[in-house]
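Report on the structure given below.
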2 protein chains.
Amino acid sequence: MTAQDTGSPKARRGRRPGASSTRQAVLDAARARFASDGFAATTIRLVAADAAVDASQVMQFYGSKDELFAAAMAIPASALERFSTAFGGHDEHLGERVVRAYLAAWEGTPAESEPLMAMLRGAIVNENASAQLRAFIESRLLEGTSGRSDDAALRAGLASSMLVGVVTSRRIIGVPTLADADTDELVAVLAPAIQQILVPPATRTTPIEPGSTP
Amino acid sequence: MTAQDTGSPKARRGRRPGASSTRQAVLDAARARFASDGFAATTIRLVAADAAVDASQVMQFYGSKDELFAAAMAIPASALERFSTAFGGHDEHLGERVVRAYLAAWEGTPAESEPLMAMLRGAIVNENASAQLRAFIESRLLEGTSGRSDDAALRAGLASSMLVGVVTSRRIIGVPTLADADTDELVAVLAPAIQQILVPPATRTTPIEPGSTP
DNA sequence: CTCATATATCAACACCTGTTGAGAACCTGA
DNA sequence: TCAGGTTCTCAACAGGTGTTGATATATGAG
């Protein structure tokens, strides 16, 4: 069973009968491979075999491995909505909403989580993925926190990178302690910390309530 | 200037005169390459060229690329001491000490930071590095927190993975907001959050001090 | 001095990679 | 029916990879 084996021992040469759904099949196979094996370990020949197609077909559709990867990393709108709604208000449940949004995005349906997973796994070895993750960490939380204190951007970036770190440890590195915990346990511990980072308790911009510290 | 160029156009064939320091030179070159380029992008031929040595020499010394990588990932005792001392007590500065320990370990002298950097960069693509990072996140903080509440392991793992996430964003992904901030800024924001994760404020085990909150 | 051993280079191996060009089979519209 | 474009397979290329065996030179022990 080598990688080149595309199923039937003698696939006919020309176009297959019926409407073509191969383009989507290739993209699906690529998303799954990139998400689970990373950019470097995913070869065009493997993706082609998964989609039961010749490798040169993948090239004809997507031009190059990088472009295929870019297509596989495209984050669906539904996943982005999760974040937009989570960062709506600045009440005392901001932390919990944000934590739940991150965990849900990486643990939801494959169609949503795989592009994020691919982005995370590819970020270290692929310049494209690195830029995308950079933008994700920088801007995702900022929509909601615009116009607050001057270090709002730093706080948003820190909270985001911390949660990405948690997700990476849990789903990619596979740290047992984190991987075995269920979502509610994680939220219980993480939410207050993230809340404190995003909405720091009374420092100087807001008036200090009397009698807090002697 | 190809990669194979080892400096002199016609290197003599046998052993070089004088005492041999090549073994260490190869290890140093490997550490630097693995730390800056990652496991996959680092080739034995590149390391050999950096050390001005033939590629087969690297194999003769370290057996395989994986074993060379393992040697490059060996974390020096001085770096480990940083963590051991940081997690000493459970006072109200635990968070700050831990945060500073993490940031310092990844920003100190190359001899200390490169193995950690190599571990981080390799963790996604190399099984060996993945296991090492797993162990690092799991056990590093536990030495100090043993015998506390039952979710101490979870809290320690979460704090560790969060800080690894911050370091990754700052030094590997290169998120501008985090990369441009200096250490004290980061500590100011992170320390209270990490403190809260490691030593949760007054739940039930420790008695609440009177008059803290009205 | 002599000889085992560690150090060093060279050439080549078998394999895998992304990518390309040619051509076959099918679909669509005129 | 018959072009024209799309989809699909085959075969091969050029380059890079980790790794190996043969061979040459220096060191160090006896």
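The shown structure was predicted, so the numbers you read here are calculated from the model rather than taken from an experiment. The chains referred to below are lettered A, B, ... by the order of the sequence lines, with proteins before strands, and numbering in each begins at 1.
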Rounded to the nearest Å, what distance is computed from the [atom1] atom of residue [X] to the [atom2] atom of nucleotide [N]?
X: A/Arg33; N: C/dT17; atom1: CZ; atom2: P; answer: 11 Å
X: B/Gln57; N: D/dG21; atom1: CD; atom2: P; answer: 17 Å
X: B/Phe61; N: C/dT7; atom1: CZ; atom2: P; answer: 5 Å
X: A/Tyr62; N: D/dT7; atom1: OH; atom2: C1'; answer: 14 Å

Legend entry - All pairs passing ring-ring contact (aromatic ring centres under 6.0 Å, His included) where residues 31-55 of chain B contributes a residue, at least two apart: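 Of all non-adjacent pairs touching residues 31-55 of chain B, those that pass ring-ring contact (aromatic ring centres under 6.0 Å, His included) are B/Phe34-B/Phe39, B/Phe34-B/Phe69, B/Phe39-B/Phe69.
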Inset, instruction - List for me each residue that meets side chain to side chain donor-acceptor pair (under 3.5 Å) alongside A/Ser36, sequence neighbours excluded, and say none if there are none. - result: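 In terms of side chain to side chain donor-acceptor pair (under 3.5 Å), with neighbours along the sequence ignored, A/Ser36 is linked to no residue.
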Inset, instruction - Using side chain to side chain donor-acceptor pair (under 3.5 Å) as the criterion, list what pairs up with B/Ser56, not counting sequence neighbours. - result: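 For B/Ser56 the side chain to side chain donor-acceptor pair (under 3.5 Å) partners, ignoring immediate neighbours, are B/Asp54.
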Donor-acceptor contacts, no H, no angles, side chain residues 179-188 of chain B, under 3.5 Å, sequence neighbours left out:
residue: B/Asp184; atom: OD1; partner: B/Arg100; partner atom: NH1; Å: 3.3
residue: B/Asp184; atom: OD1; partner: B/Arg100; partner atom: NH2; Å: 3.3
residue: B/Glu185; atom: OE2; partner: B/Asp182; partner atom: N; Å: 3.4

Inset, instruction - Identify, with sequence neighbours excluded, every residue that meets salt bridge (Lys or Arg N to Asp or Glu O under 4.0 Å) alongside B/Glu107. - result: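 Only B/Arg170 meet the salt bridge (Lys or Arg N to Asp or Glu O under 4.0 Å) criterion with B/Glu107.
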Legend entry - Check: B/Asn126 main-chain N/O paired with B/Ser130 side-chain donor or acceptor under 3.5 Å: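 No: the side chain of B/Ser130 does not pair with the backbone of B/Asn126.
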Scan nucleotides 19-21 of chain C against the protein and return all N/O pairs shorter than 3.5 Å with their distances rounded to 0.1 Å.
residue: C/dT19; atom: OP2; partner: A/Lys65; partner atom: N; Å: 2.9

